[in-house]
Each structure stands twice: as C-alpha cells, then as structure tokens.
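Below is one structure, written out as structure tokens, with a few remarks after it.
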Amino acid sequence: MRYTNLFVPTLKESPAEAEVISHQLMLRAGFIRKLTSGIYTYLPYGLAAIRRVESIVREEMNRAGAQEILMPMVQPADLWRESGRYLKYGPELLRFTDRHERESCLGPTHEEVITDIARREIHSYRDLPVNLYQIQTKFRDEIRPRFGLMRGREFIMKDAYSFDIDDKAAEQSYRAMHDAYTRIFSRCGLDFRCVEADSGAIGGSFSHEFMVLAETGEDTIAVCTACSWAANLEKAAVLPPRQKNIAAMLPLGEVETVGKKKVATVCEFLGIPTTALAKTIVFTADGVAVALLIRADREVELVKIKNYLGVQELRVAEEKEIFDAVGVAVGYLGPVALPIRLLVDQEITGMANFTTGANRKNYHLVNVNPNRDVLLKEVGDFRRIDGDDPCPSCGGPLQLIQGIEVGHIFKLGTAYSETLKAYYQDQNGNEKPLVMGCYGIGVSRVVAAAIEQNHDKNGIIFPVPLAPYQVVVLNLATDDDELTAVAETIYADLQAAGIETLLDDRGERPGVKFKDADLLGFPYRVTVGKRFREHGMAEVVRRRDGRSEACAPAELAGFLGDRLSGGSD
RNA sequence: CGGGGCGUAGCGCAGCCUGGUUAGCGCGCCUGCCUUGGGAGCAGGAGGUCGGAGGUUCGAAUCCUCUCGCCCCGACCA
C-alpha cells in the first residue's frame, strides 16, 4: 500500500475526550472516529488491526474444531421471553418495536439464538459434539461507555457455543477452548493470565477469564507468586482463619459512643485497632434486608454475597431502608439481637472479645463473643481478598494486578437447553438436554489492550502479528528519481516476499514521516534518504527498541523476512 | 440514574466572572516561494447559526431559564 492512497488521518494532539492511552493513540493514529457515545467508525488502519486479530481467532477456532456461522443482530423479544432473560437482562438490552409492532431487541449475546438453532437441528447424540462461533458486532447499551474501544456500546466480539452429550464431554470442549484461547492470546503477542472468574449473569457452573495485564485495566486480579493460581478479585476465595483467638471471654458490656458512627472514629474513641471491631452492613437483596457481620477493616465482596443468596439484585441499603428494617440508625448496627437475617464472614469465627454496634443509638457493645452473644448461623466467605492474604491454593504470597478482560469462557451446563427445550436422544433413546458452553473474545478490545500494553511516548509499538503492515518504507526524497527508484524497488521486493509493506511516498518532510511511522507503530522501518547515496545501504530500524541496522536493498527482503519470522518481536 | 465538568473553525484552546464595533490564538487545511534525516520558514487565503430554544437588555459567546450532546467518578461486561 502507498501512503498517498491510504486514508489515515493522524492527529498531532490527542482529543480531549480520550482518557486512556489506547484511546488517545487510536484517535491520533487514525484507527477510529466517534459517531456518538460508545459508537465508533473503524477507519482503514484500525480495521486492518482488527482483521489481524480476527484472522488469528479464526485460525485457532477452526483448528480447535469450531465452525463459523453468523447469527442475526436483531432478535425477537419472544425468544428472550422464553429464556426468561427479556426481563432479567435489564436496560443493557436495547429493545424496540418494528413497523408491525413486534417487539425486538439488538443482540448483546447469542445464547438464545444459538440454542434455538440447536433445538431445531440437533436431535441425536450422533450430531454431537458441535461448536459454532461467529465474529460479529454486539450491542450493549452500557450505562457508561468509556475508554474508546475498551468499553463501547457497539463492539466486535467472537462468541462460540459448544454442545455436548454430558458434563464430561462438555468439560472437554471447555478445555479445548481454554487451550485455543491460550494460543490466540499468545499469538497476539500479549502478556496475559487466565484466571478463575465469576460466571455472573450468563449463568453456569464455572468460568475463566483471560486478562491482559495493563495498569489501566478495569479489573483487579489476584495472582499467586508461588503457584499457578490466579483469580478475579470478586471470585478469589479467602481461606478460613488459620488460628482462633483463644483469649478468655470477657463479660459483655455496653459503652456510650455518642456521635461515633464511623469505624475510624469509634476505634479512635475506644482506643482499639480496627481489627478488633466488627461492622454490620445491611444490604437490600431483591428488596429484602440482609445484614453481614465482617471485621471492620475488611472490604465486602458483593459478588460473593450475591452468589450465596442467589439473588438478582444486591446493593448496600439506603439509610431509610435500614432504619425501617432494623429500627436503628446507621453507625450503631450490631449482630446482637438483630431482627433481620445475618450473614457472618468466616473471619469472625476466629475473633474474640470484639466490639460491635449495640443496635441502640449512641452505644456500642464490647467483648462480643461468637456463639455466646451471637449465634453464627450463616458463616461464609464474604470478604474481598487482600494482598496480604495467602494463596487459597498453596498458601503462597499473592500479588494484585490490574487486567483487561479480553476473553471469558463459561461452562453453561443445561441452563439454556432446559429452559429453551433443546434436547437430544442418547444411545438408549432417552431424551436429554444438550450440555452447553459459551466462549467470548472481545476482538476490538484486544486491539485496545494490545496498545495499552505496547506503546511508548512516540506512539504504538505493534506486536508483529497484529501490525497492519509489518514494514514501512520511507522514501525521504520523493523528488529525487534515483532514490525514489530505490525505494520503489525495495517496496516491490518486500511485497513479492509476502511482507505487508507500506510505502510512504508522500511529499512530506522527513520529520513528518518519522513521527507518523512511530505513531502508527510499524514493527520495522526502512529508510531511503540521502544517507543511502553515501554508502548504498538502507537503514532498518526496529520500532520496539530503536535498534538500527544497515542493509543493502537487494538483501532487505531476506533480512526482514528472517527478523519477522524469528518471533523475537 | 446519582455526583462533578465541558460544549467557541477539522483538532487543541483563550475570550465569559465585570455584556459594547469586524470573535481570537496554536496546530491542521488551500495557493505560491522555499526547504528535505525527526511534526521547517516566509507570504497570501479559506473556514464560525459561539450546541439548540426561549428570555433579560438599546446591545448577549458573555447574564437568566429550559433543552440536547459529550466527558469524568460510582452499579455492568467481551
């Protein structure tokens, strides 16, 4: 491709709306332009990068035995009603009616449609296993789109769905996808981790997320530095307390704590560490008030509580709701004689003589002891794991790092096949539900994540497999016939050698070309300018580290071919 | 939806508080000259319903009301 024919509107300055580096660079490098909030046009260069990711995804999905299909984006509401998700999915699902007043929605995901296909077309164990995937634009009416392609409302996703005869076979399919994903992200040149994850709204029995490590990641993951364990923070299991506080139980007492409502002020007032205080937090779980007792310095993990309770909606209750349910003002809540359901974080079982609210305004209880003063009926793991906690798998030290979720695989089981009645007949003629799995990759997000992970102050540093062009040839003397001929020959040679090359044949000054080359992130840059006339060698510079080498034009194709296939980039 | 902020040329911004001729600056764009190894220089030029509607006023980018859009912080997710 010639630069003069390429539509890449680059920007010197980054638009004010861009917060994170990948968004800034994608705007500056002419990848995308925004149409409206969370919705972007992919310009040629950005699309080319997306296509690179897509082709890696396709190759690996096909290699893993999956077959590509393409499902409709517009879907009938009735199908979503049938699965129960028309109501459950919430406002993220964009609903509308067509000219015949038929209710419809834009597909945020395709479990319903694929299960509909499956129930119509798969009838026998002989048809199984099947794994179907598509690469398609999804629409989710996100509450808050942000960071450009990182969290758009429209985004390109690869989603795959597997169908098996039983759990065991489904786990094999799951494993195959896990391996395919590992290959995909490795081939993209990304630094990533596969972590245990919450299966969330899609439902299902277990799942893993693939996280690209980057400081701007919206998720935090816990990684063991000693073994291979890693998990999303919201999922990471906390080990039960190692040792019990075996101090003799002191008599329960009530102390006046007028106006002391916050953990910090109560502890300061009573002269105790926050680890000796237990806070009582009230939640509204599908409209019902539920309390949690947890050590005061700990963070509550809402997802764990939500999963334990099996509710749809869980949020911290508002002050009025709390007062209505408990009859006590926030700040003096406690577990003793609490009139609502009480969950207890497991850590409490190891504590003795701790302080809590007294369920009476301006009073706290001291020397509260489990079982003597509070019956611990529902004990569980409800707190968020901490960087100081031991690895739940091996006990080793943990590290908390930020990640961008680029892939998520779920073992769905029979949740959808049963509600949508997708059955097959086994060898004995028995009707059984298909056992499903689903597997997503945020294709457009992968490009954003790759840039987050691969850039410097001058611009993008594309990993070779994702680069739209592996090499840019800069002709610095477009008005010089001799040098232009050299650049043209190099360009032709590289193309003939199968290397995707961009020839910068613009009449711009050298500085402009260098800056654009850096910004656009070509892995290798070949420069033909007046220095060429001095020694007859073209300059080859590697973007990642700026390493410069000289090479005779005739040898360039082989020279670059070696480096590009060497995998050192 | 709650909280915070911003809408002035393609992009980045100033002007607004304290209303007053023709609304400015940098970058980009067009023409010419010049220059050609890190976003050059000179000269000339195009480009604006100051987000929109209403109001106050002799007079509104500026003050008031409403409205739309966008960005950032919280609950969702690839």
Side-chain angles (χ1 to χ4, degrees), chain A residues 9-20 23 27-28 30 33-39 53 57 89-93 108-110 135-160 181 197-202 207 209-212 218-219 232 234 302-303 306 313-316 318 404-410 438-449 458-459 474-480 483 506-519 525 527-534 538-539 541 546 548:
Chain A
T10 59
L11 264 21
K12 278 192 188 176
E13 291 171 291
S14 88
E17 69 190 43
E19 179 87 350
V20 299
H23 190 193
L27 253 13
R28 285 192 54 207
R33 286 295 183 263
K34 186 176 70 182
L35 209 215
T36 182
S37 181
I39 297 180
V53 176
V57 168
Y89 211 90
E92 232 175 69
L93 179 65
T109 175
H110 283 72
I135 295 177
Q136 199 224 30
T137 294
K138 295 275 190 276
F139 189 91
R140 293 184 189 170
D141 201 357
E142 290 281 341
I143 298 163
R144 188 151 91 82
R146 63 185 135 174
F147 303 156
L149 292 196
M150 203 87 96
R151 178 180 296 280
R153 291 194 294 165
E154 261 195 30
F155 59 98
I156 298 173
M157 178 172 166
K158 186 284 306 178
D159 48 326
Y181 275 39
D198 182 62
S199 46
I202 295 181
S207 85
E209 286 168 339
F210 288 78
M211 308 288 252
V212 168
E218 292 182 275
D219 293 270
N232 191 308
E234 63 188 25
L302 284 158
V303 171
K306 198 170 164 183
E313 192 210 1
L314 183 79
R315 57 181 170 80
V316 175
E318 288 165 25
I404 299 165
E405 184 188 351
V406 289
H408 202 157
I409 57 179
F410 300 84
C438 79
Y439 318 92
I441 289 180
V443 172
S444 41
R445 185 183 277 183
V446 167
V447 175
N458 294 314
L474 300 191
N475 174 6
L476 295 189
T478 48
D479 54 354
D480 180 313
L483 292 177
R506 294 176 297 171
E508 294 286 351
R509 295 167 54 85
V512 174
K513 297 189 178 188
F514 285 129
K515 289 292 183 189
D516 277 337
D518 286 347
L519 177 62
R525 184 185 83 202
T527 309
V528 178
K530 73 179 178 202
R531 281 188 203 159
F532 178 85
R533 217 181 334 240
E534 290 162 18
E539 182 195 41
V541 174
S548 169

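Quantities reported herein were computed from a predicted structural model and do not represent experimental measurements. Within every chain, numbering begins at 1; the chains are lettered A, B, ... in the order of the sequence lines, protein sequences first and strands thereafter.
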Classify the nucleic acid contact of A:Asn458 as base, sugar-phosphate or nothing, counting any heavy atom under 4.0 Å across all strands shown.
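Answer is nothing: A:Asn458 stays at 4.0 Å or more from every strand.
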According to side-chain contact (heavy atoms from CB on, under 4.5 Å), who are the partners of [X], at least two apart in sequence or on a separate chain?
| X | value |
| --- | --- |
| A:Arg509 | none |
| A:Ile39 | A:Leu35, A:Thr36, A:Phe139, A:Arg153, A:Glu154 |
| A:Thr10 | A:Tyr3, A:Asp516, A:Leu519, A:Leu520 |

With 3.5 Å as the limit, what N/O pairs link the protein to nucleotides 50-53 of chain B?
none

Where along nucleotides 68-74 of chain B does protein come under 4.0 Å, by heavy atom, of base (B) or sugar-phosphate alone (S), with - for untouched nucleotides?
--SSSBB
Treating primed atoms plus P, OP1 and OP2 as sugar-phosphate and everything else as base, which nucleotides of nucleotides 40-46 of chain B get B, S or - for protein heavy atoms under 4.0 Å?
B------
Partner nucleotide, any strand, of [N] [Watson-Crick/G-U, under 3.5 Å]:
| N | answer |
| --- | --- |
| B:G7 | B:C68 |
| B:A61 | none |
| B:C16 | none |
| B:A78 | none |

Taking the nucleotide of RNA chain B with the nearest heavy atom to each, does A:Ser14 or A:Val443 sit closer to the 5' end?
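Whichever sits nearer the 5' end wins; that is A:Ser14.
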Provide, to the nearest angstrom, the distance between the CE atom belonging to A:Met157 and the P atom belonging to B:C77.
12 Å
Calculate the interatomic distance between A:Arg140 atom CZ and B:A75 atom C1'; express it in whole Å.
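It works out to 16 Å between those atoms.
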Please state the C1' separation for the pair B:C58 and B:C17 - nearest whole angstrom.
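It works out to 23 Å between them.
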Presence of A:Lys530 side-chain N/O under 4.0 Å of B:G37 phosphate oxygens OP1/OP2:
yes
